[in-house]
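Note that ligands are numbered from 1 as they come in the structure, with each ligand's atoms numbered from 1 the same way.
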Amino acid sequence: MASYDVIVIGSGPGGYVCAIRCAQLGLKTACVEGRETLGGTCLNVGCIPSKALLHASHQLHEAQENFGKMGLKGKAPSVDWPQMLAYKDDVIAQNTKGIEFLFKKNKIDWIKGWASIPAPGKVQVGDDVHEAKNIVIATGSEPSSLPGIEIDEKIVVTSTGALELGKIPKKMVVIGAGVIGLEMGSVYSRLGTEVTVVEYLDTITPGMDAEIAKSFQRLLKRQGLDFILGAAVQSVETTRTKAKVSYTLRKDDSTATLDADVVLVATGRKPYTDGLGLDALGVALSPRGQIETDTHWKTSIDGIYAIGDAIAGPMLAHKAEDEGMAVAETLAGQAGHVNYGVIPGVIYTHPEVASVGQTEEQLKDVGRAYKVGKFNFMGNGRAKANFAADGFVKILADKDTDRILGAHIIGPMAGDLIHEICVAMEFGAAAEDLARTCHAHPTFSEAVREAALACGDGPIHS
Ligand code: NAI
């Protein structure tokens, strides 16, 4: 059996990025993956396929809502669902093959199969035991359902089943108004499904800046999504083709039911570490099943590291990627680092929602003196031209020093716009630094500059 400097277990964004960086830094590297294709949840059944369906369904929405206004006439497109799924599968294949190519290019061995760690320094795959100076666990997460709800991935589905439904349902109930629920709820709503989102808390997207969440819910409602908030789902009963969702309203304990053709359970994810043999090894886990690590991603056992969804922190592909690079750098004797204060979060609905740093609520909680600079896309020429003037940019800056503490955007290309603020925050910039930076006209990014101006003497276009 071969002997390696590093064996990475799992080829999702955390694992494959870690493996590539290890190889680039001169370490002999292998990556174990049991799926047929590389890329983990993100590329196979997560970020990438959902973005394909979001893109396709958004194009349909544009054709239905805006083409006529722009003088584009003709028969409205209809949905060929098998073709849409084929397009999504093609996008997956292109991306997963891309990782395979990168592995070959960087001389990374793909060990096919499911790994366990019989002892530090050893990785077993099937009957083979491979030696590794260091092991990086990047096994990700899996959907966590609710007690008593059985997932069949046909009528009661997780995000995985929601990406390959046999047909577009007439009625869908989404349990959980988090990222997955709202992204996939948006897809089906645009495709004509009646979507009802049932959420336990009194707001959607818990943890998001409250003003943004309120505006987001209003815009989603306008697009046709229904919300039942403050409702705890008790059970889901299924027949051969239908489901009945029972919930209790927390404010008065009343109960009610909803009928659906499909129920999407989107109530969070949990670390996936099954079969690795962590208990026998004595790797410490948190009560929530996350692998515990020190600040250099080392587990309680020397030579075994862990990154991504399997450890604490936001379950985001790019957080896992950053940790993957940082571990690789650490193993190569460099100073790997992740700035957890500047990790953007994006919801790829339309409009997109993006945030980084502190929310207004967090700043209030810690008693930090702050100021708010806000700018509506209504004052942005490009947004108006593109029928994308809903939403706003909100920058939070220290009241005295003007240092940017957080930013929250709902609007066109929010997921891209957020990054100039991320860079600014990495450099410890003040809002004035953004405000004094020339932004090309006409771009959506002018709204970011205007929000920065609003932290000072005021924006121009409002
Ligand atoms: P989530 O944690 O974002 O949202 C789950 C929601 O379900 C919460 O609002 C919660 O209050 C609610 N909930 C829990 N139990 C409930 C019950 N019994 N009845 C009604 N509501 C209930 O989880 P989600 O959407 O499943 O996503 C999982 C992970 O994947 C998240 O960490 C998310 O960040 C990540 N993800 C990120 C994406 C992105 O960055 N665009 C896309 C998809 C997933």
Side-chain angles (χ1 to χ4, degrees), residues 12-14 40-55 140-149 151 156-163 173-187 196-208 210 213 216-217 220 226-236 245-250 255-258 260 263-272 288 290 308-322 343-356 409-410 414-416 418:
T41 298
C42 170
L43 271 66
N44 288 283
V45 288
C47 321
I48 296 297
S50 64
K51 260 78 269 176
L53 294 184
L54 278 157
H55 177 67
S141 60
E142 61 178 344
S144 63
S145 182
L146 296 170
I149 294 183
I151 307 283
V156 184
V157 300
T158 65
S159 49
T160 305
L163 292 167
V173 169
V174 174
I175 308 177
V179 191
I180 292 178
L182 299 180
E183 286 188 355
M184 292 313 297
S186 287
V187 165
T196 306
V197 183
V198 184
E199 165 60 48
Y200 181 80
L201 297 173
D202 295 324
T203 57
I204 67 167
T205 53
M208 182 184 279
F216 187 28
Q217 192 188 348
L220 290 173
D226 258 344
F227 290 93
I228 301 175
L229 301 182
V233 169
Q234 303 297 336
S235 64
V236 179
V245 178
S246 307
Y247 63 88
T248 306
L249 281 182
R250 293 197 299 131
T255 56
T257 58
L258 291 165
V263 178
L264 167 59
V265 182
T267 49
R269 297 178 64 86
K270 58 180 185 206
Y272 179 73
R288 295 177 57 197
Q290 296 155 326
D309 285 9
I311 69 169
M315 289 182 158
L316 297 171
H318 44 282
K319 174 258 193 189
E321 287 181 39
D322 278 26
I343 294 185
V346 180
I347 307 181
Y348 298 87
T349 45
H350 195 84
E352 288 183 353
V353 182
S355 65
V356 64
I409 307 177
I410 178 165
D416 287 274
I418 198 74

Is any N or O atom of [X], backbone or side chain, closer than 3.5 Å to an N or O atom of ligand 1?
{"X": "Tyr348", "value": "no"}
{"X": "Val346", "value": "yes"}
{"X": "Glu183", "value": "yes"}
{"X": "Arg269", "value": "no"}

Check each heavy atom of [X] against ligand 1 and say whether those closer than 4.0 Å belong to the side chain, the backbone, both or neither.
{"X": "Tyr247", "value": "neither"}
{"X": "Val198", "value": "backbone"}
{"X": "Ser141", "value": "neither"}
{"X": "Leu146", "value": "side chain"}

Nearest-contact summary for [atom] - protein heavy atom, Å:
{"atom": "atom 43 (C) of ligand 1", "value": "Ile180 CG1, 3.3 Å"}
{"atom": "atom 8 (C) of ligand 1", "value": "Glu199 OE1, 3.4 Å"}
{"atom": "atom 2 (O) of ligand 1", "value": "Gly268 CA, 4.1 Å"}
{"atom": "atom 5 (C) of ligand 1", "value": "Ala266 O, 3.3 Å"}
{"atom": "atom 33 (C) of ligand 1", "value": "Val179 CG2, 3.9 Å"}
{"atom": "atom 21 (N) of ligand 1", "value": "Tyr200 N, 3.0 Å"}

Heavy-atom contacts with [X] under 4.0 Å: which atoms of ligand 1 show up? List them by number with element.
{"X": "Leu201", "answer": "11 (O)"}
{"X": "Ile175", "answer": "19 (N), 20 (C)"}
{"X": "Ala231", "answer": "19 (N), 20 (C)"}

Using only atom types and a distance under 3.5 Å, with no angle test, would you say the side chain of Thr158 pairs donor to acceptor with the backbone of Ala266?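 Flag not set: sc Thr158 to bb Ala266 has no pair under 3.5 Å.
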
For Lys51, all residues meeting side chain to side chain donor-acceptor pair (under 3.5 Å), sequence neighbours excluded: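 Partners of Lys51 by the side chain to side chain donor-acceptor pair (under 3.5 Å) criterion, ordered by chain and then number, come out as Glu183.
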
Partner set under side chain to side chain donor-acceptor pair (under 3.5 Å) for Glu352, not counting sequence neighbours: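 Glu352: no side chain to side chain donor-acceptor pair (under 3.5 Å) contacts found.
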
Do the side-chain N and O atoms of Ser246 and Gln234 include a donor-acceptor pair separated by under 3.5 angstrom?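 Looking only at side-chain atoms, Gln234 and Ser246 do not form any donor-acceptor pair under 3.5 Å.
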
